[in-house]
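Comments concern the structure below.
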Amino acid sequence: MMLSVHSEQLNKTGFPTVHALVLLEGTMNLTGETQPLVEQLMMVKRMQHIPTPLFVLEIWKACLVGLIESPEGTEELKWTAFTFLKIPQVLVKLKKFSHGDKDFTEDVNCAFEFLLKLTPLLDKADQRCNCDFTDFLLQECRKQGLLSEASVNNLMAKRAADREHAPQQKSGENANIQPNPGLILRAEPTVTNILKTMDADHSKSPEGLLGVLGHMLSGKSLDLLLAAAAATGKLKSFARKFINLNEFTTHGSEESTKSASVRALLFDISFLMLCHVAQTYGSEVILSESSTGAEVPFFETWIQTCMPEEGKILNPDHPCFRPDSTKVESLVALLNNSSEMKLVQMNWHEACLSISAAILEILNAWENGVLAFESIQKITDNIKGKVCSLAVCAVAWLVAHVRMLGLDEREKSLQMIRQLAGPLYSENTLQFYNERVVIMSSILEHMCADVLQQTATQIKFPSTGMDTMPYWNLLPPKRPIKEVLTDIFAKVLEKGWVDSRSIHIFDTLLHMGGVYWFCNNLIKELLKETRKEHTLRAVELLYSVFCLDMQQVTLVLLGHILPGLLTDSSKWHSLMDPPGTALAKLAVWCALSSYSSHKGQASSRQKKRHREDIEDYISLFPLDDMQPSKLMRLLSSNEDDANILSSPADRSMSSSLSASQLHTVNMRDPLNRVLANLFLLISSILGSRTAGPHTQFVQWFMEECVDCLEQGSRGSILQFMPFTTVSELVKVSAMSSPKVVLAITDLSLPLGRQVAAKAIAAL
């Protein structure tokens with residue numbers, strides 16, 4: 001079957017772009033919606049002409065590799081949820097895309113046949129998951145209607161025969177560990193049940209609810225449930241329910257000691273869970289789309305203004321840390337005088353907001369010798385003894401405070417963080433204390449990571465035996481980031497595929513250097529490549545690395561880097577084949593991906609970044625045709641007139657009129673402006689009297705456009721090409737065919753048909 005589809009494709013069985021895309025999503029975007037991922041994968045499949053069986057195979061291979069490589073703990077659970085819950089959903093959507101149901105199940109079956117040949121990979125996955133990995137996967141595919149019963153049985157039999165020869169694990173040590181895939185698949189219905197439980201009226205049976213939440217905290221239950229919720233798109237509603245619960249428990253009216261302690265626990269557990277979700281999956285999962293007029297819940301306010309996150313610097317003197325002084329005084333007195341925290345009628349949100357100012361008072365008293373270290377110990381024990389959230393709020397402020405202090409002034413603040421970080425060993429704590437402390441220390445460890453690195457301080461957090469921050473601090477110290485970038489790219493290119501760790505390093509470098517620096521330096525590396533097969537591989541890998549922030553990279557690549565190369569004759573030599581063809585391919589792939597996805601929304605992964613100001617693009621590429629953009633002035637300066645057209649009959653048509661103007665595309669959109677200007681530049685290069693590598697580059701660019709687009713697809717990037725370009729293009733021998741003319745003109749427009757007819761007649 002495959003021979004008939006693509007005889008020349010058979011020697012190519014690995015597709016690094018698909019691999020990297022799946023790894024990127026699994027490592028960084030578990031909470032993302034499936035639809036954009038499906039569209040992006042389909043785009044790659046189309047642009048790279050990948051046969052469906054090999055395409056599905058590559059998706060599974062990437063899942064296996066991601067799972068095997070994933071660091072123990074939360075990351076491993078995320079990967080398990082991604083592989084067993086999210087990817088089957090992605091394939092179900094891909095099946096809809098492929099229309100032919102019968103064929104798609106056949107393709108999935110074919111992909112599994114290939115996968116079973118990768119015995120070492122499957123054996124390693126079996127070892128990592130402590131189960132028959134293929135068995136779980138096939139069952140899940142059968143449930144989703146991706147494989148027929150017969151295929152599943154046939155594939156299982158084949159794998160069972162293979163497994164008999166697999167290196168046996170020592171059965172004793174792992175026999176009682178439950179395999180993650182099984183746990184994740186069971187966690188998914190549990191999430192739905194918990195969501196239902198959370199919908200009930202909290203005031204009716206708070207104890208019952210507390211029992212449910214207590215269960216969720218033990219062992220790795222919480223991370224399992226969150227991973228399952230994230231992979232099935234339920235994490236946002238999960239977080240919303242906990243925010244409502246947290247809000248409900250902030251105030252207590254007439255209450256007994258018992259109900260006060262239940263309320264304190266519900267507040268604490270919901271607060272800790274939400275912090276944990278924000279740190280594991282990003283705070284945008286928690287923040288609601290602001291509905292005007294509604295009061296913002298306490299937790300949302302707190303996380304936005306008081307919670308330290310990577311790349312967010314807090315001002316310790318911000319008004320949010322300076323609440324009403326009478327409340328602060330009573331809190332200080334409470335912490336300092338009583339033997340333990342009072343619970344009855346405590347307003348927990350007020351306590352959490354006042355704790356920062358209270359800590360400042362206590363620090364000052366300690367610095368000035370008013371309080372002895374013993375008193376400080378008693379105070380910190382009070383803070384963390386009953387409700388761990390108070391300790392989290394206190395440390396959040398201390399982290400912001402320490403950043404502002406000189407080296408010699410930090411001692412006592414860091415000492416205080418140390419005091420708050422360890423658990424309290426006493427009989428008199430509230431229920432589920434040990435479970436809550438485990439979550440608290442993981443939250444504090446994340447919060448303090450940056451500051452401890454900057455102040456070269458060590459704080460021992462009670463460890464759960466796992467690396468809680470596997471991808472943190474990956475850059476080698478004292479090396480210029482440009483070296484790190486070229487180095488990691490060279491390594492990836494040599495291996496031929498991107499692994500999770502490299503993705504995180506690229507992401508950190510993109511944050512640090514900014515989009516232009518990142519894109520420009522990687523393109524320079526691409527243009528140094530001289531071997532054909534290397535340049536193609538580099539394009540496949542670069543495209544997937546650019547997916548970290550495709551929209552912004554595309555604006556920089558098409559708006560700044562390409563025009564720079566095409567208009568500066570001293571750089572033309574770098575556009576020779578093979579790197580020139582490769583760059584043309586990459587530019588078209590980026591343009592098509594960004595253009596097809598920018599009608600959608602930016603993924604949560606990309607929202608965190610600083611957005612380039614639209615105004616920059618408007619000044620660079622003015623809208624008004626009367627004032628030519630900087631670009632067009634550059635072009636026409638050395639030509640008599642770059643736009644003298646071939647035949648007088650064409651002159652009546654403005655040289656920059658394109659289909660996009662007739663379709664009235666919004667030109668305030670930066671991507672549309674950048675595309676329109678790039679095609680104006682292409683048009684003027686084709687019409688100019690000098691030929692060189694840059695004209696050759698333009699031809700490759702257009703050929704790639706034709707290759708990647710379906711016949712005459714309306715509303716593609718080619719709608720920005722001026723109509724006059726068509727007659728110039730057909731003069732290039734490689735492009736002079738009716739097929740090309742029909743592919744590049746918009747035949748839905750009368751003018752498009754007229755231009756096409758004229759060009760074909762002139763062939």
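Because only heavy atoms are used, hydrogens play no part in the values below, and waters and symmetry mates are left out as well, while side chains stay in.
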Examine the side chains of [X] and [Y] and answer whether a donor and an acceptor come within less than 3.5 Å of each other.
| X | Y | value |
| --- | --- | --- |
| E39 | S596 | no |
| T83 | T80 | no |
| S593 | Y543 | yes |
| E188 | T232 | no |
| W589 | E704 | yes |
| E69 | S500 | yes |
| T34 | K93 | yes |
| K532 | T581 | no |

Closest approach of [X] to [Y] (non-hydrogen atoms, all atoms of both residues):
| X | Y | value |
| --- | --- | --- |
| A582 | V539 | O-CG2, 3.3 Å |
| S70 | W79 | CB-CD1, 3.5 Å |
| K495 | D499 | NZ-OD1, 3.2 Å |
| C129 | L67 | SG-CD2, 3.5 Å |
| P179 | N130 | CB-O, 3.6 Å |
| L195 | S237 | CD1-OG, 4.0 Å |

Electrostatic pair E529:R537 at N-O distance under 4.0 angstrom: no
salt_bridge(E113, K158) N-O dist < 4.0 Å: yes
Donor-acceptor pair, distance only, cut-off 3.5 Å: does the side chain of [X] make one with the backbone of [Y]?
| X | Y | result |
| --- | --- | --- |
| Q144 | P88 | no |
| S151 | L147 | no |
| T486 | E483 | yes |
| R159 | L116 | no |
| R142 | E149 | no |
| S442 | V438 | no |
| E525 | A490 | no |
| N521 | W517 | yes |
| K234 | A228 | no |
| T554 | M550 | yes |

Derivation and outcome, ring-ring contact (aromatic ring centres under 6.0 Å, His included), residues F84 and F133: CA-CA 10 Å; F84 289 92; F133 177 89; 5.3 Å; yes
Verdict with reasoning, W60 to F112, per ring-ring contact (aromatic ring centres under 6.0 Å, His included): CA-CA 9 Å; W60 287 132; F112 270 110; 5.6 Å; yes
NZ or CZ of K78 within 45° of Y281 ring axis and under 6.0 Å: yes
